[in-house]
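Everything below concerns the one structure shown next.
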Amino acid sequence: MIRKTRLFTPGPTPLLPAAQFAMAAADIHHRTAEFRALYQRVLDQLKLFVGTKNDVLLLSSSGTGAMEAAVSNLTSPGDRVLVLSAGKFGERWTALGKAFGCEVDVVSAPYGHTFSLEEVRKALKIETRAIFMQATETSTGVRHCVPAIADLIKSANSNALLVVDAITGLGTTHFDMDGWGVDVLIGGSQKAVMIPPGLAYLAVSDKAWEAMEISLNPRYYFDLRKERKNAHKGESAYTPAVALIAGLGAALDYIAQQGGGDLAAGRAALVENAETCAEMTRAAIAAMGLKLYAPDAPAAAVTAVLSPEGIDSGVFVKELKSRFAAVITNGQGEMKGKIFRIAHLGFFDYMDTISLIGALEHIAVSVLKLPGFQFGQALTAAQKVFAQRDPQAAAKRECQCGREVSHCARKTAAVTA
Ligand SMILES: *Cc1c(COP(=O)(O)O)cnc(C)c1O
């Protein structure tokens with residue numbers, strides 16, 4: 001049979017055709033009025049997409065570049081910082097903090113889980129200068145509660161900055177950066193915004209801008225103050241990834257269309273889309289008798305599935321690729337061979353989701369001949385979720401902090417509208 005290549009990976013994600021056309025047509029010099037108009041428009045759109053009044057900056061780098069920029073711009077050697085770590089990306093914050101000479105305290109949760117708020121409360125010290133965390137930990141499929149951490153900082157009367165890697169959180173989770181008091185919120189191009197890798201973006205609060213004035217770590221390419229100065233003139237400090245920026249503009253137009261022309265509503269629709277694909281997938285996994293790796297706080301960005309006893313998860317990755325050209329990801333690091341991950345962030349629809357579930361069932365029943373597995377169980381469960389899904393009810397699911405999972409959803413849409 002013909003096989004169409006399809007990415008089900010949590011970055012890079014499938015590309016939006018309209019963005020691909022925009023990239024192909026982006027034969028523009030970056031010191032021209034034409035580029036300045038594009039850049040200004042995309043930066044304004046990004047503010048609406050993130051849902052903030054703060055400046056949003058674009059960097060030509062992968063997401064890690066923006067993570068590094070947050071650390072180098074906000075800290076000085078010897079500063080005490082707190083990292084909340086529950087997977088490979090949390091560990092990256094720790095490594096970055098150490099690379100820039102910080103004294104790094106770590107609150108960690110076992111892979112597949114989120115942190116105990118009590119432990120975070122205990123680890124937050126008077127001198128803690130910043131807290132670094134993920135909104136969703138892509139390596140394990142866990143969603144962390146950002147507003148709970150923001151509240152904790154406030155209730156402890158702490159002056160710590162809150163820096164959130166929302167690289168797979170944006171477009172899959174509702175955020176109210178300004179309302180909660182998040183100081184830096186980071187996104188990446190190859191995730192929910194449906195374009196190739198190579199751009200990172202970050203929203204920065206006034207409090208973070210002030211902190212940058214007194215921080216002493218070295219920075220040059222990632223000097224955010226310089227980037228902001230240039231952005232105010234509609235330019236970037238150095239040669240930007242022009243084609244990606246054109247693609248991003250087209251993608252944000254598309255996201256706005258999903259909300260009838262309103263980017264805030266479009267972002268909410270994108271989140272609901274990811275949540276629907278994720279819920280269909282979780283139901284399918286349960287119906288097959290497989291287990292989720294992060295059942296307690298599952299992210300809508302990506303679903304991590306434990307491979308059945310005695311079967312290397314790489315077998316699922318390999319069989320899906322060779323039989324159906326469907327690309328999913330194995331676990332990273334210690335999780336390699338134990339879990340496989342299916343992405344829902346960005347340009348995924350019902351057809352993508354249902355076909356992957358059908359293909360997964362084919363591997364389990366017909367290729368691996370797993371005892372007890374039957375055709376149709378996973379598909380039926382996913383079809384029922386789709387047919388019966390009530391976004392209002394789904395939003396009422398309880399979060400770790402005791403509030404509704406999307407406690408910020410309507411509010412954010414209202415603020416930005
Ligand atoms: C993809 C991702 C990153 C960034 O990785 P890059 O390879 O540098 O783009 C960071 N954090 C999370 C949670 C991610 O999913």
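When reading the values below, keep in mind they use all heavy atoms of this one structure, side chains included, and skip hydrogens, waters and symmetry mates. Atoms within each ligand, like the ligands themselves, are counted from 1 in listed order.
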For the rings on F115 and H144, is their centre-to-centre separation under 6.0 Å? yes
Are any protein N/O atoms closer than 3.5 Å to the N/O atoms of ligand 1? If there are, list each pair with names and the distance to one decimal place.
| from | atom 1 | to | atom 2 | distance (Å) |
| --- | --- | --- | --- | --- |
| ligand 1 | 8 (O) | S62 | OG | 2.5 |
| ligand 1 | 8 (O) | G63 | N | 3.3 |
| ligand 1 | 8 (O) | T64 | N | 2.8 |
| ligand 1 | 8 (O) | T64 | OG1 | 2.4 |
| ligand 1 | 9 (O) | G63 | N | 2.9 |
| ligand 1 | 9 (O) | Q190 | NE2 | 2.7 |
| ligand 1 | 11 (N) | D165 | OD1 | 3.4 |
| ligand 1 | 11 (N) | D165 | OD2 | 2.6 |
| ligand 1 | 15 (O) | T138 | OG1 | 2.5 |
| ligand 1 | 15 (O) | K191 | NZ | 2.8 |

L224 vs R228, side chain to side chain contact (heavy atoms under 4.5 Å, CB included): CA-CA, chis, key distance, verdict: CA-CA 6 Å; L224 296 180; R228 170 156 86 158; over 6 Å; no
In a table with atom names and distances, give each donor-acceptor pair under 3.5 Å that connects a side chain of residues 95-110 to protein atoms at least two apart or in another chain.
| from | atom 1 | to | atom 2 | distance (Å) |
| --- | --- | --- | --- | --- |
| D105 | OD1 | R80 | NH1 | 2.7 |
| D105 | OD2 | R80 | NH1 | 2.9 |
| D105 | OD2 | K125 | NZ | 3.3 |

Applying side chain to side chain donor-acceptor pair (under 3.5 Å), name anything that partners T64, two or more places apart in sequence or on another chain. R92
Would you mind listing every ring-ring contact (aromatic ring centres under 6.0 Å, His included) that reaches into residues 277-336, with sequence neighbours excluded?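 Listed by first then second residue: F316-F340, F324-H362.
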Test: K53 and D178 ion pair at under 4.0 Å: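 D178 and K53: not salt-bridged.
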